[in-house]
Amino acid sequence: MTTDSTPSPNFIRNIVAEDLKTNKNNGRVHTRFPPEPNGYLHIGHAKSICLNFGIAAENGGLCNLRFDDTNPSKEEVEYVESIMEDVRWLGFDWDDRLFYASDYFEKLYEYAEELIRKGKAYVCDLSPEEIRAYRGTLTEPGKDSPYRTRSVEENFDLFQRMRAGEFEDRSRVLRAKIDMSSPNLNMRDPVIFRILRAEHHRTGNKWCIYPTYDFTHCLSDSIEGITHSLCTLEFEDNRPLYDWVLDQLDVPCHPQQIEFARLNLSHTVLSKRKLLELVEQKHVTGWDDPRMPTLSGLRRRGYTPESIRNFCERIGVAKRESTVEIALLEHCLREDLNKRARRVMGVLRPLKVVIDNYPEDLVEEMEAINNPEDLAMGTRKVPFSRVLYIEQDDFHEDPPKKFFRLAPGREVRLRYAYYITCVNVVKDSKTGEVTELHCTYDPETRGGSSPDGRRVKATLHWVSASHSQEAEVRIYDHLFTKEHPTDDKEVSDFKIHLNPNSLEALTSCRVEPGLRDAPPGSRFQFERLGYFCVDSVDSTDAGLIFNRTVSLKDSWAKIQKAQKKKGQP
RNA sequence: UGGGGUGUCGUCAAGUGGUAAGACACGGGCCUUUGGAGCCCGCAUUCGGAGGUUCGAAUCCUCCCACCCCAGCCA
């Protein structure tokens, strides 16, 4: 079912292939996915996960899962659990290679001591404000800290006492001694250990000093024998520091850091900070709200891991900052679901139809194909009776041009059932709203074709009124109305572009009786409408709830749009 | 005004001196018991701009322009 076309080349694949050719790491390829457990994973992380696990798998290598948990004030176990679940759901396996940067704290402490011993690090007593002032600016060099020349012995002693908890939070730091006049600000004696009394989700209160990212990441990579350390563009300036640390120390290996552009998706935001804001301010119901671009949100929405992996392959990997149209993601989803989703009929906005010439008490079981794309999925029986529901949109009393569906006097086909002709329209005397249709059926057309070869232009989905099951259906639209919500130069708050209609709950939908026991998360195509899944959180035996995962392509909507445009040029 | 990056179709993206892949989107057609799916066709004489090197340049050189990132004891 997967398309096994050779993966398209990208600059990282090229580098790895070249390294393999020159036997750079003795033929080893070892990557890692290093999330910080301070939020839920989103589709942007999926790109990184697919890249890291993919590059390894393609080359007979390995990929580790490593939590970059060096900042206890932001990190939580809830996040580490969700991250593991999401990576597994996406289809990747780290076997026994689950690591935490916090596993290396002791080792990192020793490396810091080694740096001190070599005269390459010092304890600095400057306050955070002073450190900033001493750092200089983009255009001006910084100046040396007065503590920069402390003796190795004093630094050693002070660092040990930092660990022992003798000093206040933020009163001292350990800094790498590099170059305060470097044009790269990261090289101006960066902080590598800070004092921070916070309970760590794994090490508890064992430590009151914590290593910073720059010191931790490169060493963790080295300890794990990583060959290619893939990260996003904003770390490009950190690469010289990554290399510097590994060059000073006696380490197992020196991985190569390679930066690629992070994913941006139209009509949504992909930043943990902004997503957290939406969650905290209740613009969505949670990290797993089906409108969220998080993996848990997409999963609940009904996305398949295959479609996301395929998407990640198709967007490519490059260094150019870019925003992928969400239409591509939706395309990958439809492509996958089309092949595997069971077809079923459901009416979202029911309109009652009475077949006047159909026997009052007769019920026929019409045979329906479960998936025309995969006949092996078999058939099912759908009950047909005198009173039915069809979609309100499928009837027009005064049909516009190119509208093929039901209208007074017009004949259409009911899928897998009969041809019917509309003979009468019942309206609410007050509102004028169409409340009921009366039709006649042609008994000769059972199954959906007529012996006389007469053609109809439309096929409608339907449901037997008395046999159908009531359900709620949640229709989702893009979270933001604007393609680039954060690009607005007039407004600083991206949230004003939130789509007020991103969720519409339809409560009196009717679905085929066979759906009564559909398990949570199960996916279907409601014929002519789209793909839907049973909501895994809110759906119960008492109340079936479906999420619309994505609509089918709707060429009638397109025609209407074009006509509207034409009408008012 | 310092440093690091990036500029190829509406959106992604191949291309690494030999004469612009592919995908999505879009437009048109065929087919159809889902206006679904599928199929076919069209869609960059041109690669941020200007010069130069070369028989030949998106690819090499020079200059220019635009955009992104960096002054957390965040990652």
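Below, chain A is the first sequence line, B the second, and so on; all start at residue 1.
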Q: Does B:G72 sit syn or anti, given that only angles within 90° of 0 count as syn?
A: syn
Q: A:T137 side chain N/O closer than 4.0 Å to the phosphate oxygens (OP1, OP2) of B:G2?
A: no
Q: Tell me if the side-chain of A:D237 makes a donor-acceptor pair with the base of B:G3, cut-off 3.5 Å, by modelled atom types.
A: yes
Q: Is A:R163 positioned over the aromatic face of A:Y109, cation under 6.0 angstrom from the ring centre and no more than 45 degrees off axis?
A: yes
Q: For the C1' atoms, the ones on B:A21 and on B:U46, what distance do you get once it is rounded to whole angstrom?
A: 15 Å
Q: Measuring from the side chain of A:E325 (C-beta onward, heavy atoms only), which nucleotide among B:A13, B:A25, B:A75 has the closest atom?
A: B:A25
Q: Look at the aromatic rings of A:Y104 and A:F99 and report parallel, tilted or perpendicular, splitting at 30° and 60°.
A: tilted
Q: Determine whether any donor atom in the side chain of A:E373 lies under 3.5 Å from an acceptor atom in the base of B:G36, or the reverse, and answer yes or no.
A: yes
Q: Go through the structure and list residues passing side-chain hydrogen bond (donor to acceptor under 3.5 Å, both in side chains) with A:T232, not counting sequence neighbours.
A: A:E234
Q: Under 4.0 Å between a side-chain N/O of A:R194 and OP1 or OP2 of B:A75, yes or no?
A: yes
Q: Give a yes/no on whether any side-chain N or O of A:R273 is located under 4.0 angstrom from OP1 or OP2 of B:C74.
A: no
Q: For residues A:R343 and A:H461, is any side-chain donor paired with an opposing acceptor at under 3.5 Å?
A: no
Q: Counting only side-chain nitrogens and oxygens, does A:R135 get under 4.0 Å of the OP1 or OP2 atom of B:G72?
A: yes
Q: Hey, does the side chain of A:K272 come within less than 4.0 Å of B:A75's phosphate (OP1/OP2), counting only N and O?
A: no
Q: What distance, rounded to whole Å, do you find between the two C1' atoms, one in B:A20 and one in B:C31?
A: 33 Å
Q: Rounding to the closest angstrom, what is the interatomic distance between B:G15 and B:A23 at atom C1'?
A: 16 Å
